[in-house]
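Remarks on the structure that follows.
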Amino acid sequence: MDLTYTAADLAFRDTVRAFLDANLPSDLQKKVRNHLRLSRQDYVRWHQIVARQGWSAPAWPVEYGGTGWTPTQRHIWEEECARSGTPPILPFGVNMVAPVIMAFGNEAQKAHYLPRILNCDDWWCQGYSEPGSGSDLASLKTTAERAGDHYIVNGQKTWTTLAQHADMIFCLVRTDSTVRKQEGISFLLIDMKTPGITVRPIIMLDEDHEVNEVFFDNVKVPVQNLIGQENKGWTYAKYLLGHERTGITAVGRSKRELLFLKKIASEHYKHGKPLMQDPVFSAKIASLEIDLMALETTVLRVITRESHAPGPEASMLKVRGSEIQQQLTELMVEVLGPGALPFDTDYLEGKADHAVTGDDAAAPLAGYYFNYRKTSIYGGSNEIQKNIITQMILGL
Amino acid sequence: MDFTFNEEQQQFADALRRWVDKDYSFDTRKRIVHSPSGVSDVAWNMLAELGMTALPVPEAQGGFSGNAVDMLVVMQELGRGLVVEPYFATVWGAKFLQLAGNQHHRLEDVAKGELKLACALGEKHSRYDLADIKTIAGINGEGYRIDGTKTVVIHGGQADALIVSARSAGTQRDTNGISLFVVPTDTPGVVIRDYRTIDGQRAATVQFNHVAVPASALLSKLGGGWDMLEEAADYGVSLLCAEAVGAMEALFNATLEYVKTRKQFGLAIGSFQALQHRMADMYIHLEQARSMAMLVAARMVCDAEERRRVASAAKVRIGQAAKFIGQQAVQLHGGMGVTDELPAAHHFKRLTMIELTLGDVDHHLERFTAQRGFQQHS
Ligand SMILES: Cc1cc2nc3c(=O)[nH]c(=O)nc-3n(C[C@H](O)[C@H](O)[C@H](O)COP(=O)(O)OP(=O)(O)OC[C@H]3O[C@@H](n4cnc5c(N)ncnc54)[C@H](O)[C@@H]3O)c2cc1C
């Protein structure tokens, strides 16, 4: 056993750091580190900077534009990005639809979509959930009826993250309602500009526009946008869920946020002393730091063990990752105390240079806490992850 | 012992609940929150008409001499209905005026609904320590001159007068040397910067730049305001505890309803044992919180030591319950729980901010352990 990075890994880390130092625009870094809201352009800009370096899809096979990095190197890359404070490369294209296209799509689909995903020419969103189908995804009702060389799609998707910016949506649709619910589902790629699609915002608890409802009213989708075989979509969907869950773990970002937490805890005072020196409060931070250490080591164990799609252990990582992210935001609010109450949307949206109370660092944090209640719900709620653990790992 | 509310208390509660149901719907509230002023004069006048502003004021000043238990029923309803009007701030401020004993005229105006108050006590560095005061009050002819900045003054921008803590002697964080004043907001030198809070209420930063007040503005003995400050703060805690219980109850009921009706996998999600146990835990928290809200209201009249002990105990237990119930309610609502659309999510936000007002769990645990009685072991 040797729980240290190899010399090659360390050299790789230096390369990554040098790249980030030279290429991460400081305005983007500032926004990310200060928890400000990112625009569509912010995401695209960073994605394309990374794409020019050839690193926008580290996990893909080299033939499609991947990097050939080992899982450990990919982990180092993600960790370094998080540490510097880069905007995320959104998972919907690179980590979600692309692996499905690679594994189950035809040559034309691969040739058309993969380079565009690599370069963020298309903004993708994920159309799985519906108002009546959340945890029980297979009960989805949106229909796609075959009419010659088209499908006619009708129904509603919901919780569609950042669909307001999207060019393309990958959807699970029902193509056969006479069979077992998992067996009549197909996987369709739909151009968001197709007539009949309406996107309606859902406003989150922090008043940010992050998710949407997407309505399909007789939307014509060419048959060549079907991935793989009709009615086999459930298999493809399950294939990518493991990817989604490991992504949510976010150890790197949590490490950055832990430092941020310590920073504000050393700048806020209790009885004239920094909170960081308060035995009760520092014990809480310590215990969270230790949880994060345990999670990081577990992540490393999982990724160095497997060569392809993560198994049901991904559920464990998702549960712990989301809980730790939530606890970090909880402690940030605790640090601020009464200073967490002010709510300044103008500042958060970049319409004002400074927060109304003068405390810029504090302004986003309560909203961040409320927003982050989502992490135990999306990507399959934590209850569902525990069901997976009990059934698939523990055999209960 | 008797844990029931009397007929009059029940009537107040019923009247309030009818008004909230009829005129203060969630949509109405949302419009008020997003309006430029963030509050509603119509709603305020209605609260006055229903007798709510008169309730805590002594009879001699035109009120009903309502005690903390009377206020419990009222605050519960306001918590349930997510009312954002400056009622808590005013009633809390009125407690100072009442303890001062020299503010009859102002109390009469409070009773009539014609005077709104806010308490300007906290400062940027002070966190929950009400003695951690840098604002200075100096002698100025017959009166005093106040200089300093108060932060997160709840409903400071809507108030006609402010209760202000300032230091007339002693060093920062010294409980000796604190004086309390009442300062009309139109006094020259008072600069108010009003903003929204994340739970839909309003707060303000208030600067006092050479603010001259007459001798009659002094509410406490000069430099001897700490006891009054503490007593009024504990009263504020009891009000917030009551509001929190109302909010928790609404949140609990909404969640119970939701898990009974929301179906996944062909079943109501409330039929999954994992969620059933969660609901049971929420119920247990709610009932513990309710008990503590009753206890703190009843103990407001006790000697200072017991009052402090119970106020801190209540804020701790209710803070813990509020966090558990709030977070679980959101979780059990799934995606719906993190949207701006449901009242439940707003109850959760309000509960979180109550926890950050007048001391969080850690603060009150520390205060509880500091009481003399806690150290005794025989
Ligand atoms: C911010 C955000 C972004 C999202 N982005 C996307 C997106 O881009 N694309 C997309 O398709 N979807 C997205 N989702 C949807 C997300 O995947 C669903 O919200 C999630 O699967 C839960 O479904 P639900 O909201 O319908 O809750 P429900 O399924 O109704 O669950 C409600 C509660 O019941 C519990 N529960 C349900 N079944 C069981 C069971 N069998 N045992 C125990 N407990 C159970 C759940 O854990 C939860 O606590 C997003 C959601 C959020 C909040």
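Note on naming: letters A, B, ... go to the chains in the order of the sequence lines (proteins, then strands), and numbering restarts at 1 for each one. Being a predicted model, the structure only gives us computed values, none of them experimental.
Both the backbone and the side chain of A345(B) come within contact range of chain A, each with at least one heavy atom under 4.5 Å from a heavy atom of that chain. Contact annotation for L275(B): only side-chain heavy atoms (C-beta onward) come within less than 4.5 Å of a heavy atom of chain A. In this structure, the portion of L275(A) lying under 4.5 Å from any heavy atom of chain B is its side chain and not its backbone. Using a 4.5 Å cut-off between heavy atoms, V330(B) touches chain A through backbone and side chain atoms alike. Both the backbone and the side chain of E334(A) come within less than 4.5 Å of a heavy atom of chain B. In this structure, no portion of V211(A) lies under 4.5 Å from any heavy atom of chain B. Proximity to chain B is limited to the side chain of V280(A), based on heavy atoms less than 4.5 angstrom apart. At a 4.5 Å heavy-atom cutoff, the contact between T357(B) and chain A is made by side-chain atoms alone. Of the atoms belonging to F265(B), heavy atoms from both backbone and side chain fall under 4.5 Å from chain A. The part of E207(A) that comes within reach of chain B is its side chain, from C-beta onward, which places non-hydrogen atoms under 4.5 angstrom from that chain. With a threshold of 4.5 angstrom between heavy atoms, K284(A) approaches chain B through side-chain atoms but not through N, CA, C or O. For chain A, the nearby parts of R196(B) are the backbone and the side chain; heavy atoms of each come within less than 4.5 Å. For a residue to count as touching a neighbouring chain, one of its non-hydrogen atoms must lie under 4.5 Å from one of that chain's; by this rule K263(B) touches chain A with the backbone only.
Counting heavy atoms from C-beta outward, I202(A) and E341(B) have side chains that approach closer than 4.5 Å.
The aromatic ring centres of F92(A) and F170(A) sit 6.0 Å or more apart. Ring centroid separation for the pair Y128(B) and H364(B) does not come in under the 6.0 Å cut-off.
Of the listed residues (Q201(B), R202(B), R262(B)), the greatest number of heavy-atom pairs within a distance under 4.5 Å of chain A belongs to R262(B). Of the listed residues (L205(A), I203(A), I377(A), N387(A)), the greatest number of heavy-atom pairs within a distance under 4.5 Å of chain B belongs to L205(A). Between chain B and the options S381(A), G134(A), S129(A), G339(A), heavy-atom pairs under 4.5 Å are most frequent for G134(A). Of the listed residues (G272(A), P342(A), G367(A), A366(A)), the one with the most heavy-atom contacts under 4.5 Å to chain B is P342(A). Taking chain A as the reference chain and counting heavy-atom pairs below 4.5 Å, the highest number among Q172(B), E366(B), H125(B) is found for E366(B). Chosen from D199(B), D132(B), V361(B), T352(B), the residue pairing most often with chain A at heavy-atom distances under 4.5 Å is T352(B).
Side-chain contact of E130(A) with T142(A): a donor-acceptor pair under 3.5 Å is present, judged by distance alone. Looking only at atom types and distance, the side chain of D129(B) has no donor-acceptor partner in the side chain of H363(B) under 3.5 Å away. A side-chain donor-acceptor contact under 3.5 Å links S133(A) and S139(A).
Contact between F343(A) and T197(B) at its shortest, heavy atoms only, is CB-C, 3.6 Å. When all heavy atoms are compared, the tightest approach of R29(B) to L82(B) is NE-O, 2.7 Å.
Test H165(A), Q164(A), R200(A), K157(A) against N212(A) for side-chain hydrogen bond (donor to acceptor under 3.5 Å, both in side chains) and you get one pass: Q164(A).
Between Y372(A) and Y368(A), the ring planes lie perpendicular to each other; the angle is over 60°, past the 30° to 60° tilted range. Classification of the Y369(A)-F348(B) ring pair by plane angle, with boundaries at 30° and 60°, yields tilted.
The closest donor-acceptor contact from the side chain of K270(A) to the backbone of Q277(A) lies at 3.5 Å or more, if one exists at all.
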